[in-house]
Amino acid sequence: MHSEIIQPGQPIIEVFLPTYRMEPDEDERFYPSVAKKIAEEIVQAELNDQEYDEEDAKTWSLIIGDKIRDAVKKNMNIPRYKIIVQSTVGQLRDQGIRIASRCLWDVSTDNYTSVSYTNQTIFCNVLIFALYTD
């Protein structure tokens, strides 16, 4: 009989065996409408009544992306999805901007949503991608 003694402070390594599930259960799917609502609330809370500042824009973009990713993971039951958030914050002037992304994915399980926000001096665009990992 083999027994191991675990020393105090020794890390415990958990081993997960593959499940070979090729599609998520119905209650574990990414729903773009739910993620969009979460993202809209976060963007509104972060940028409402803000004036554009170049240094602050860098920070806002990182904070918004992190908060949205964390909130989507926490509030949606999607344990096998990789969440990718691309956020862009810039100064609103008399210019146009085109934001594009390309992905290679499975149309039956992967999806995305986008959110746009503007006020008097700021524009913000957020893309949220959810990729199912099997």
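For the single chain, residues carry numbers from 1 onward in sequence order. Both backbone and side-chain heavy atoms feed into the values below; hydrogens, waters and symmetry mates do not.
Under the 4.5 Å side-chain heavy-atom criterion for Ile, Leu, Val, Met, Phe, Trp and Tyr, Val89 and Leu62 are members of distinct hydrophobic clusters. Both Phe129 and Val107 are assigned to one and the same hydrophobic cluster, defined by single-linkage of ILVMFWY side chains at heavy-atom distances under 4.5 Å. Linking Ile, Leu, Val, Met, Phe, Trp and Tyr whenever their side-chain heavy atoms come within less than 4.5 Å leaves Tyr81 and Leu127 in two separate clusters.
For the pair Ile64 and Cys124, the minimum side-chain heavy-atom distance is below 4.5 Å. Using a 4.5 Å cut-off on side-chain heavy atoms (C-beta onward), Asn119 and Leu92 make no contact. Proximity of Ile122 to Gln50: side-chain heavy atoms (C-beta onward) are separated by under 4.5 Å at one or more points. At a threshold of 4.5 Å between non-hydrogen side-chain atoms, the residues Tyr117 and Leu47 count as touching. No side-chain heavy atom of Tyr132 sits less than 4.5 Å from a side-chain heavy atom of Trp105. Side-chain contact between Ile78 and Val72 is present, with heavy atoms from C-beta onward closer than 4.5 Å. Contact of the Cys103 side chain with the Tyr112 side chain is not registered, since no non-hydrogen atoms from C-beta on lie closer than 4.5 Å.
In this structure, the side chain of Asp53 engages the main chain of Asp56 through a donor-acceptor pair within 3.5 Å. Gln95 places a side-chain N or O within donor-acceptor distance of the main-chain N or O of Arg93, the cut-off being under 3.5 Å. Checking side-chain atoms of Asn48 against main-chain N and O of Gln44 turns up no donor-acceptor pair under 3.5 Å.
Summarising the geometry of Met76 relative to Phe30, their closest heavy-atom pair is CE-CD1, 3.9 Å, with the distance given to 0.1 Å. Minimum heavy-atom separation, Glu23 to Thr109: CG-CG2, 4.1 Å. Nearest approach of Val85 to Gly65, heavy atoms of both residues: CG1-CA, 3.7 Å. Minimum heavy-atom separation, Thr121 to Glu51: OG1-CA, 3.5 Å. Taking all atoms of both residues into account, the shortest heavy-atom contact from Ser87 to Ser61 is OG-O, 2.7 Å.
The CG atom of Asn111 sits 10.0 Å away from the CG atom of Leu131 when rounded to the nearest 0.5 Å. Rounding to the nearest 0.5 Å gives a distance of 12.5 Å between CG of Asp110 and NZ of Lys82. Expressed to the nearest 0.5 Å, how far CD1 of Ile83 lies from CZ of Arg69 amounts to 10.0 Å. Put simply, CG on Asn75 and CD on Glu41 are 9.0 Å apart, with the number rounded to the nearest 0.5 Å.
Residues Glu46 and Lys67 are paired through a salt bridge, judged by an N-O separation under 4.0 Å between the basic side chain and the carboxylate.
Glu40 pairs with exactly one of Val126, Thr113, Ile68, Val115 by the side chain to side chain contact (heavy atoms under 4.5 Å, CB included) rule, that one being Val115.
Using modelled atom types and a 3.5 Å distance limit, the side chains of Gln86 and Ser101 yield a donor-acceptor pair. Defined by atom type and a distance below 3.5 Å, a donor-acceptor pair is present between the side-chain atoms of Asn125 and Ser116.
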